Amino acid sequence: QVQVVESGGGSVQPGGSLTLSCIASGSFFEIDTMAWFRGPPGSSRTLVASLASGGNIRYGDFVAGRFIFSRDDAKNAAYLQMNDLRPDDTDVYYCKAVAHGDNYPRTQFWGRGIRVTVSS
């Protein structure tokens with residue numbers, strides 16, 4: 001099992017910046033993919049950024065070069081640096097880790113989500 005915990009959410013003015021952090025912990029052999037999604041609670045979620053082992057970073061179309069995704073595998077962490085934030089970036093952001101362990105196959109694990117509010 002893997003626990004996924006996000007941090008770094010909050011409120012920011014339009015044009016400002018904010019960095020989200022995600023830490024995965026628990027029992028696993030390897031984390032294959034880490035990603036950020038966003039969407040209203042209980043609703044569908046849209047990809048913000050993701051990186052699979054051996055792959056390339058994927059960004060949602062709405063990012064348009066404003067966000068930077070990174071991973072620190074030594075810390076089992078993923079980060080999302082968000083720049084030039086807009087009011088329509090306001091949402092709940094979720095971290096996802098895909099991992100496998102000694103007693104389970106590749107499985108998705110989700111954080112609880114953190115809120116980002118962009119307003120004047």
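Small disclaimer: the values here were computed from a predicted structure and weren't measured.
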Measuring from atom [atom1] of [X] to atom [atom2] of [Y], what distance do you get when rounded to the nearest 0.5 angstrom?
| X | Y | atom1 | atom2 | answer |
| --- | --- | --- | --- | --- |
| Trp36 | Phe69 | CH2 | CZ | 8.5 Å |
| Ser120 | Gln13 | OG | CD | 6.5 Å |
| Leu85 | Ser11 | CG | OG | 11.0 Å |

Could you see if [X] belongs to whatever hydrophobic cluster contains [Y]? Use Ile, Leu, Val, Met, Phe, Trp, Tyr and a side-chain cutoff under 4.5 Å.
| X | Y | answer |
| --- | --- | --- |
| Ile114 | Val12 | yes |
| Ile31 | Tyr79 | no |
| Leu80 | Ile57 | yes |

With a cut-off of 6.0 Å (strictly less than), are more than 12 heavy atoms of other residues, nucleotides or ligands near CD of Gln3?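 Count over threshold, so yes.
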
Within 6.0 Å of CG in Asn56, more than 12 heavy atoms from elsewhere: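 Not buried by this count: 12 neighbours or fewer within 6.0 Å.
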
So [Y] and [X], do their side chains get closer than 4.5 Å, heavy atoms only?
| X | Y | result |
| --- | --- | --- |
| Val48 | Phe67 | yes |
| Met34 | Lys96 | no |
| His100 | Pro105 | no |
| Val92 | Arg38 | no |
| Cys22 | Tyr94 | no |
| Arg115 | Thr90 | no |
| Pro14 | Pro87 | yes |
| Val118 | Leu18 | no |

Would Arg45 pass as a cation-pi partner of Trp110, given that its NZ or CZ must be under 6.0 Å from the six-membered ring centre and within 45 degrees of the axis?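 Yes, a cation-pi geometry holds between Arg45 and Trp110.
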
Closest heavy-atom pair and its distance - [X], [Y]:
| X | Y | answer |
| --- | --- | --- |
| Thr33 | Arg71 | CA-NH1, 4.0 Å |
| Val2 | Ser27 | CG2-O, 4.4 Å |
| Met82 | Leu20 | CE-CG, 3.7 Å |
| Cys95 | Glu6 | N-OE2, 2.8 Å |
| Ala99 | Phe28 | CB-CB, 4.2 Å |
| Tyr59 | Ala49 | CD2-CB, 3.7 Å |

salt_bridge(Arg86, Asp88) N-O dist < 4.0 Å: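 Salt bridge flag = no for Asp88 with Arg86.
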
Stepwise side chain to side chain contact (heavy atoms under 4.5 Å, CB included) check, Phe29 with Asp102: CA-CA 7 Å; Phe29 289 144; Asp102 59 357; 3.2 Å; yes

Measure from the side-chain N and O atoms of Asp91 to the backbone N and O of Tyr93, and report whether any donor-acceptor pair falls under 3.5 Å.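 Absent.
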
Phe109: ring-ring contact (aromatic ring centres under 6.0 Å, His included) partners, not counting sequence neighbours: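 Residues passing ring-ring contact (aromatic ring centres under 6.0 Å, His included) with Phe109: Tyr104.
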
Can you name the residues that form a salt bridge (charged side-chain N to carboxylate O under 4.0 Å, His left out) with Arg66, not counting sequence neighbours?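 With sequence neighbours excluded, Arg66 shows a salt bridge (charged side-chain N to carboxylate O under 4.0 Å, His left out) to Asp89, given in chain and number order.
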
With no hydrogens and no angle check, just 3.5 Å: does a side-chain donor-acceptor pair link Ser53 and Asp32?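 No, no side-chain donor-acceptor pair sits under 3.5 Å.
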
